[in-house]
Participant: 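Structure in structure tokens, see below.
Worth saying up front: this structure is predicted, and the values here are computed from it rather than measured. In this chain, numbering begins with 1 at the start of the sequence shown.
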Amino acid sequence: MGLCNIGVEVRVAGNSKRSHYASIQMASKLLQRLRSTPLKEERGPGPPDEPPESAELVDDTEGLSLRLSGTLSLSEDSLASQESDGMGTSYLGSDGHGESKSQDENSSYTLLTKQLREMWERSQNVRIPIRLTFEVTDANIVQDAHAKYVLYTIYLLQTGQYDPSPAYISCRYSDLYHLKRRLLALFPSEMRGVSFPCKRVRKNFTPETIAKRSRAFEQFLCHVASLPALRASSAFLNFFYLRDIQKAQALTCAGLYKLALPIWTNSWRLQEKLCPSGPSTHRLLVLAGLVVCHQELDTLEEAQAFSERAVALLQDAQDKHISLLVPFLNAHIQLSWRVGIDKRESEALLQRLQETGHYNHNVPSLKEFLVKETIS
């Protein structure tokens, strides 16, 4: 995501907007410094500072090096173009003709080119580990009728490869605090070493507090996601996408497909990054929402692709979600016919389900399934 951009949105009037904007710019600079250097402050005259929070002082050298690391890429074309002179460099004399090289120099350059080619070929078989990381990209101070709080936008990114579909969540300090308490109740031993920024009675909206908490939230989520038992728990997974699924379902049932589609899409991306690859009720619900919204908005190629993904997942699920296979098959057959894709395999599977008694004509459509399903 590059640099962290912390902005502010304050629903108040007068000079408070300008003062909050200036302070939040300072928070952005502080967060960038927290990411790149350890926290070391020289103490000057005056009253002592408040003791730092433990989660704000955790060194993240390894994660930082992953963010700043680069990759040297050598293509076959560039290597092949170097073989004529060993290093891809033209040596011209004053008369315009190439200077003669010794046989030893030519052999040295040829050997170096061969070594570079071998290194490049070996690198194609090296798998870079994919790691999930979290970055706070935005922090808005919100003032509504009930309270004043900071709303953090946190992106989920996969390092080790280009991530074309980052997903995000928006949450408050209290949301993350309740997640920490829930995980601590369910997994006390695993959560023993996981740090979290403490609550503050005052100074919750200063640039220093916002910047330090942003960094601490990143470290907290990265730590939890690195522990298999915590990452696979329903408490952790539901924190990221359950409310979005419920909101998207309500919008879809109300016929507001344009508003529902981006929420379904982000929920799908979150599940792709967080969840195991197998089918689950929440994953199938999201796929149903994507198929219905794309179909209603007449983006049929996307609807067909998501229905095909659902059918593939359900075929691997055996009998656990067999009741959903028929609605997805019906949608896949219809959509494949409309976009001109071969549908005979799905028709044959539907015929087999009918012969085995798993198919009847009272099966609800995907839209009916979304309306009736209770999401929890």
Side-chain angles (χ1 to χ4, degrees), residues 1-7 27-39 53-73 126-140 150-173 175-177 179-180 183 187 190-191 193-197 210-233 235-242 244 265-277:
M1 289 307 298
L3 296 177
C4 178
N5 176 26
I6 299 186
S28 177
K29 295 178 181 178
L30 284 169
L31 180 55
Q32 293 172 30
R33 289 165 59 186
L34 285 171
R35 280 182 173 152
S36 59
T37 58
L39 293 176
E53 299 167 5
S54 60
E56 297 166 353
L57 300 179
V58 178
D59 184 19
D60 189 26
T61 306
E62 180 182 356
L64 188 64
S65 63
L66 281 173
R67 290 183 189 174
L68 300 179
S69 61
T71 304
L72 175 63
S73 177
V126 175
R127 296 180 63 87
I128 301 174
I130 298 174
R131 175 173 169 265
L132 185 65
T133 188
F134 301 81
E135 287 192 16
V136 177
T137 63
D138 202 35
N140 294 324
V150 180
L151 188 67
Y152 297 90
T153 300
I154 306 175
Y155 269 78
L156 285 71
L157 303 168
Q158 289 179 327
T159 62
Q161 64 174 14
Y162 170 66
D163 192 346
S165 56
Y168 69 92
I169 61 168
S170 296
C171 59
R172 302 166 54 174
Y173 174 94
D175 298 326
L176 289 160
Y177 179 74
L179 171 64
K180 189 264 291 188
L183 292 174
F187 307 95
E190 290 86 349
M191 286 290 293
V194 179
S195 56
F196 190 84
I210 293 173
K212 289 181 179 181
R213 279 186 172 176
S214 297
R215 188 71 183 111
F217 292 152
E218 292 174 351
Q219 293 180 335
F220 166 72
L221 292 172
C222 286
H223 194 164
V224 172
S226 69
L227 303 173
L230 300 184
R231 178 168 174 169
S233 66
F236 182 70
L237 296 176
N238 290 345
F239 168 79
F240 285 93
Y241 54 73
L242 183 59
D244 278 355
T265 302
N266 189 63
S267 299
W268 174 250
R269 292 174 176 178
L270 286 168
Q271 291 183 338
E272 286 283 89
K273 296 177 189 302
L274 290 166
C275 302
S277 57

Participant: Working to the nearest 0.5 Å, report the span between CZ of Phe134 and SG of Cys222.
Facilitator: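 Going from the CZ atom of Phe134 to the SG atom of Cys222 covers 6.0 Å.
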Participant: Please enumerate all residues that pass side chain to side chain donor-acceptor pair (under 3.5 Å) together with Lys273, with sequence neighbours excluded.
Facilitator: Asp163
Participant: Between Tyr152 and Asp138, is any pair of side-chain heavy atoms under 4.5 Å apart?
Facilitator: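 Counting from C-beta outward, Tyr152 and Asp138 never come under 4.5 Å.
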Participant: What residues, two or more places apart in sequence or in another chain, satisfy side-chain contact (heavy atoms from CB on, under 4.5 Å) together with Thr265?
Facilitator: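 By the side-chain contact (heavy atoms from CB on, under 4.5 Å) rule, Thr265 matches Leu261, Arg269, Leu290.
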Participant: Who pairs with Phe236 by ring pair (Phe, Tyr, Trp, His ring centres under 6.0 Å), at least two apart in sequence or on another chain?
Facilitator: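 Ring pair (Phe, Tyr, Trp, His ring centres under 6.0 Å) list for Phe236, sorted by chain: Phe240.
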Participant: Say you draw a straight line from OG of Ser233 to CG of Leu183; how long is it, rounded to the nearest 0.5 Å?
Facilitator: 5.5 Å
Participant: Between atom OG1 of Thr153 and atom CD of Glu135, what is the distance when rounded to the nearest 0.5 Å?
Facilitator: 13.0 Å
Participant: CG of Leu151 to OG of Ser170: how many Å apart, nearest 0.5 Å?
Facilitator: 5.0 Å
Participant: Grab the two heavy atoms, one from His223 and one from Gly193, that are nearest each other, plus how far apart they are.
Facilitator: CE1-O, 3.3 Å
Participant: Calculate, to the nearest 0.5 Å, the distance between atoms CG and CZ belonging to Asp175 and Phe239 respectively.
Facilitator: 5.5 Å
Participant: Any side-chain heavy-atom pair from Leu156 and Leu221 closer than 4.5 angstrom?
Facilitator: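 The answer is no, as the side chains (C-beta and beyond) never meet within the 4.5 Å cut-off.
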Participant: Which heavy atom of Ile154 sits nearest a heavy atom of Leu176, and at what distance?
Facilitator: CD1-CD1, 4.3 Å
Participant: Just wondering, do Arg231 and Leu132 contact through their side chains at under 4.5 Å, heavy atoms?
Facilitator: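 A side-chain contact under 4.5 Å exists here.
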Participant: Parallel, tilted or perpendicular: which fits the ring planes of Tyr173 and Phe217, with parallel below 30° and perpendicular above 60°?
Facilitator: tilted
Participant: Run the side-chain contact (heavy atoms from CB on, under 4.5 Å) test against Ala229 and tell me which residues pass, sequence neighbours left out.
Facilitator: Phe187, Glu190
Participant: Between OH of Tyr155 and CD1 of Ile169, what distance do you get to the nearest 0.5 Å?
Facilitator: 11.5 Å
Participant: Compare every heavy atom of Leu179 with every heavy atom of Ala235, then report the nearest pair and how far apart it is.
Facilitator: O-CD1, 3.8 Å
Participant: Which atom names give the shortest non-hydrogen contact between Pro166 and Leu157, and what distance separates them?
Facilitator: CB-CD2, 3.5 Å
Participant: Should Val194 and Leu227 count as side-chain neighbours, where that means a heavy-atom distance under 4.5 Å?
Facilitator: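 Contact flag for Val194/Leu227 side chains = yes.
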